[in-house]
Amino acid sequence: MSEEKSLNFLEEIIENDIAEGKNGGRIHTRFPPEPNGYLHIGHATSICLNFGLANKYNGKCNLRFDDTNPVTEETEYVESIKYDIKWLGFTWDNELYASDYFEQLYGFAVTLIKKGLAYVDDSTAEEIAATKGSTFEPGKNSPYRDRSIEENLQLFEEMRAGKYKDGEKTLRAKIDMAHPNLLLRDPLMYRIKHAHHHRTGDSWCIYPMYDFAHGQSDSIEHITHSICTLEFIHHRPLYDWFIEQLGIFPSHQYEFARRNLTYTVMSKRKLLQLVNENHVTGWDDPRMPTISGMRRRGYTAKALREFSDTIGIAKRENIVDISLLEFCVREDLNKIANRVMAVLDPVKLVITNYPDGQEEQFETDNNPGDEAAGKRWLPFSKELWIEREDFMEEPAKKFFRLAPGLMVRLKSAYIVKCEGFKKDDAGNVTEVHCSYLPESKSGNDTSGLTVKGTIHWLSVPHAKTAEVRMYDRLFKVEDPSNEDGDFKSYINPDSMVVLPNVYIEPALASAKDGEHYQFMRKGYFCVDKDSTAENLVFNRTVTLKDAWAKEVKKG
RNA sequence: AGUUCGAUUGUGUAACGGUAGCACAACAGACUCUGACUCUGUUUGUCUAGGUUCGAAUCCUAGUCGGACUACCA
């Protein structure tokens with residue numbers, strides 16, 4: 001496969017810029033999160049994009065926290081964001097903060113005042129909103145719009161000095177109240193907030209608006225390609241206006257369409273609701289589309305990067321099928337996860353012709369696709385646990401498992417033939433009775449038989465137990481945000497089903513937090529951080545593809 | 001209404017005037033000591049209407065549909 005991978009539209013722009021010698025061929029991107037929440041899969045895409053582009057074109061990528069709103073931002077979020085980026089496999093060139101530029105930004109504001117391009121406004125928030133106009137109506141000039149430069153300078157200085165209360169005054173850019181782009185109708189540059197900032201403490205009581213900080217921060221850092229999502233496209237003319245009036249480095253912003261995923265929600269507001277209203281256990285609940293949640297669920301960084309690569313990047317609205325994400329997760333886990341046996345819904349299998357009290361050990365591959373993963377031993381005895389669904393009293397068509405008269409291979413052990421079963425008064429099968437073929441021993445099979453089915457099993461006296469949390473998609477509908485009514489009414493009630501007593505191989509008892517396993521024929525699972533010495537907890541990361549389930553569905 | 005971005009199979013993304021391709025999903029089959037993995041094959045697409053051209057997903061015109069914008073949030 002030597003075919004060239006085609007370029008996405010950002011790579012095309014970058015390669016053109018390099019070809020034309022723009023910025024001396026230098027490429028510098030940045031990832032600019034606000035430290036007011038946890039990163040989600042949408043951010044992961046942006047991280048992969050920005051860091052990936054820098055890597056590909058031998059450039060640099062900064063991590064810059066856009067921390068211009070002290071009320072919502074916290075150091076805790078800074079730490080979680082840094083952790084997630086590192087975990088995803090990326091390293092930033094500089095760790096920066098918009099708050100590092102507060103003094104410089106203040107200077108920019110003074111410059112604009114002196115050029116007659118900014119003014120202090122005494123209007124209230126309501127008055128400003130009321131005079132903003134609308135998409136079909138121009139706005140009205142503020143009565144304070146024509147204050148003298150000297151007066152503006154003095155008032156702005158007093159704002160900084162703490163002479164005024166929150167909301168009493170703002171600094172606004174003097175652009176055009178009739179501009180067709182609402183964002184250019186004298187946008188706010190500074191507001192008063194007597195609030196403690198996570199980094200600058202109490203040294204400021206005025207804070208720049210995002211729009212007055214973001215573009216200039218990029219400029220200060222000499223970012224060549226400032227990449228963000230489409231909803232900021234209307235802000236670009238404003239950033240360009242500030243940059244031009246200030247005569248500073250012309251960073252250029254490029255916008256791409258944010259990625260949406262089926263069966264989930266992505267907005268911070270909605271995710272926050274899920275957490276606050278206890279629909280999930282926290283930001284890192286394995287059902288959350290947060291990076292921390294997916295990590296806990298057992299998704300790997302490699303799978304997330306692969307997913308990001310595969311879905312590509314464009315400008316049209318989209319909703320990516322979550323099965324693609326799941327495919328990427330399986331693809332990676334298939335390579336790295338050791339196979340083990342676990343019986344989730346047990347029924348006892350008794351081998352009638354196996355001697356009482358006899359035990360054997362069978363050797364089996366940890367990963368048949370990876371010799372280096374090694375082998376392990378499985379204890380075997382007369383009584384085994386098997387999966388309840390692997391037995392049918394009256395077998396369906398194409399059912400290749402156990403039913404009276406049918407044979408299966410016990411994985412890595414013997415071929416057994418079902419001779420009968422026992423039921424309780426309620427009609428539930430309590431025991432399956434089989435005979436085994438001693439000459440069919442795995443690895444040394446002289447029986448000459450081939451059976452269609454192979455099932456997993458666990459020796460009753462040797463099996464240990466664990467708690468298993470079976471996760472499924474969080475919502476019942478593809479696009480919960482687009483349905484009528486409250487998105488939360490579409491939560492999947494079965495998104496987490498806890499199995500408190502699952503049988504596992506004895507070797508699994510020492511599994512460690514975060515380890516990935518494939519429970520053969522059942523799916524990929526990982527050890528949850530809630531595990532204790534007494535109670536091991538596994539999360540189901542994702543199921544295996546299941547052709548039989550499809551067959552059953554078809555009826 | 002204004003500004004602005006967009007429209008290629010069920011989903012995502014290519015094709016840069018010259019055979020509409022790739023991945024996922026779906027379907028059919030092969031293989032299988034995991035009904036997994038792997039492999040093979042199949043179905044489904046250029047928003048509409050005009051125009052330019054030997055030739056249009058691509059260029060032009062007009063329309064249609066969808067998104068975003070009217071926070072002292074980012």
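Heavy-atom basis, side chains included; hydrogens, waters and symmetry copies ignored. Fair warning: this is a prediction, and the values are worked out from it, not measured in the lab. A note on names: the letters A, B, ... follow the listed sequences, proteins ahead of strands, and every chain is numbered from 1.
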- [ ] Describe the nucleic acid contact of A:Thr135 in one word from base, sugar-phosphate, nothing, applying a heavy-atom distance below 4.0 Å.
- [x] base

TODO: Determine if A:Phe136 stacks with B:A1; use a centre-to-centre distance below 5.5 Å and an interplanar angle below 30° as the criteria.
DONE: yes

Open item on the list: Using whole Å, what does the distance between atom C1' of nucleotide B:C37 and atom CG of A:Asn367 come to?
Closed with: 10 Å

Open item on the list: Can you tell me which residue among A:Lys441, A:Glu439, A:Glu360, A:Arg409 is in a side-chain hydrogen bond (donor to acceptor under 3.5 Å, both in side chains) with A:Tyr414?
Closed with: A:Glu360

Open item on the list: Please determine whether a side-chain nitrogen or oxygen atom of A:Lys315 lies at a distance below 4.0 Å from atom OP1 or OP2 of B:A68.
Closed with: no

- [ ] Rounded off to whole Å, could you give me the CG-to-C1' distance for the A:Asn338 and B:A36 pair?
- [x] 15 Å

TODO: Look at all strands and tell whether A:Pro33 reaches a base, only sugar-phosphate, or nothing, counting heavy atoms closer than 4.0 Å.
DONE: nothing

Task: Any donor-acceptor N/O pair under 3.5 Å between B:C33 base and A:Ser442 side chain - done: yes

TODO: Measure distances between side-chain N and O atoms of A:Arg316 and base N and O atoms of B:U13, and say whether any donor-acceptor pair falls under 3.5 Å.
DONE: no

Open item on the list: What contact category does A:Leu324 fall into here, base, sugar-phosphate, or nothing, at under 4.0 angstrom with non-hydrogen atoms?
Closed with: sugar-phosphate

Open item on the list: Using a 4.0 Å heavy-atom cut-off, does A:Ile313 contact any base of the nucleic acid, only the sugar-phosphate backbone, or nothing at all?
Closed with: sugar-phosphate

Task: A:Ser226-A:Arg30 side chain donor-acceptor pair, cut-off 3.5 Å - done: yes

Open item on the list: With the criterion set at under 5.5 Å between ring centres and under 30 degrees between planes, would B:A23 be stacked on A:Phe327?
Closed with: no

Open item on the list: Over all strands shown, is A:Phe399 touching base, sugar-phosphate only, or nothing at heavy-atom distances under 4.0 angstrom?
Closed with: base

Task: Pairwise C1' distance for B:G63 and B:A23, with rounding to whole Å - done: 34 Å

- [ ] Answer with base, sugar-phosphate or nothing: what part of the nucleic acid does A:Ala314 contact at a heavy-atom distance below 4.0 Å?
- [x] sugar-phosphate

TODO: Report which part of the nucleic acid A:Arg330 touches: base, sugar-phosphate, or nothing (heavy-atom distance under 4.0 Å, all strands).
DONE: nothing

- [ ] For A:His235 and B:A71, give me the distance from atom NE2 to atom P, rounded to whole Å.
- [x] 11 Å

TODO: Select base, sugar-phosphate, or nothing to describe what A:Gly167 touches, counting heavy atoms under 4.0 Å on all strands.
DONE: base

Open item on the list: Need one value for A:Asp546: base, sugar-phosphate or nothing, where a base atom within 4.0 Å counts as base even if backbone is also close, heavy atoms only.
Closed with: sugar-phosphate

Open item on the list: Measure CD/A:Glu317 against P/B:C69 and give the value in whole Å, please.
Closed with: 12 Å

TODO: Before giving the answer on salt bridge (Lys or Arg N to Asp or Glu O under 4.0 Å), spell out for A:Glu255 and A:Arg236 the whole-Å C-alpha distance, their side-chain angles and the decisive distance to 0.1 Å.
DONE: CA-CA 9 Å; A:Glu255 305 86 8; A:Arg236 191 171 70 210; 2.9 Å; yes

Open item on the list: Quick test of your reading of the model: are A:Arg64 and A:Asp218 salt-bridged, counting only N-O distances below 4.0 Å?
Closed with: yes

Open item on the list: Check this for me: does the side-chain of A:Gln518 come within 3.5 Å of the base of B:U34 through a donor and an acceptor?
Closed with: yes

TODO: Identify whether any heavy atom of A:Lys411 sits under 4.0 Å from a base atom; if not, whether one sits that close to sugar-phosphate; answer base, sugar-phosphate or nothing.
DONE: base

TODO: Give one of base, sugar-phosphate or nothing for A:Phe232, where a contact means two heavy atoms less than 4.0 Å apart.
DONE: base

TODO: Determine the contact category for A:Thr450: base if any of its heavy atoms lies under 4.0 Å from a base atom, sugar-phosphate if only primed atoms, P, OP1 or OP2 are that close, otherwise nothing.
DONE: nothing

- [ ] For RNA chain B, write out the stems as range with range, using runs of 3 or more consecutive Watson-Crick or G-U pairs with both distances under 3.5 Å.
- [x] B:2-7 with B:64-69, B:10-13 with B:21-24, B:26-30 with B:38-42, B:47-51 with B:59-63

Open item on the list: Applying a 4.0 Å non-hydrogen cut-off, can you work out what A:Gly453 is touching in the nucleic acid: base, sugar-phosphate, or nothing?
Closed with: nothing

Task: Rounded interatomic separation in angstrom, taking CZ from A:Arg269 and P from B:A71 - done: 16 Å

Task: Length of the line joining A:Tyr97:OH and B:A74:P, which is rounded to integer Å - done: 17 Å

Open item on the list: Over all strands shown, is A:Ser123 touching base, sugar-phosphate only, or nothing at heavy-atom distances under 4.0 angstrom?
Closed with: base

TODO: Please state whether the base of B:G35 and the side chain of A:Arg521 form at least one donor-acceptor pair under 3.5 Å?
DONE: no

Sort me out a list of protein N/O and nucleotides 28-32 of chain B N/O pairs below 3.5 Å, or just none if empty.
unit_1	atom_1	unit_2	atom_2	d
B:A28	OP1	A:Lys554	NZ	3.2

Task: B:A71 OP1/OP2 closer than 4.0 Å to side-chain N/O of A:Arg191 - done: no

Task: Atom pair distance, as rounded to whole Å: CG in A:Asp176 and P in B:G2 - done: 18 Å

Open item on the list: Output the rounded distance in Å from NZ (A:Lys193) to P (B:A71).
Closed with: 15 Å

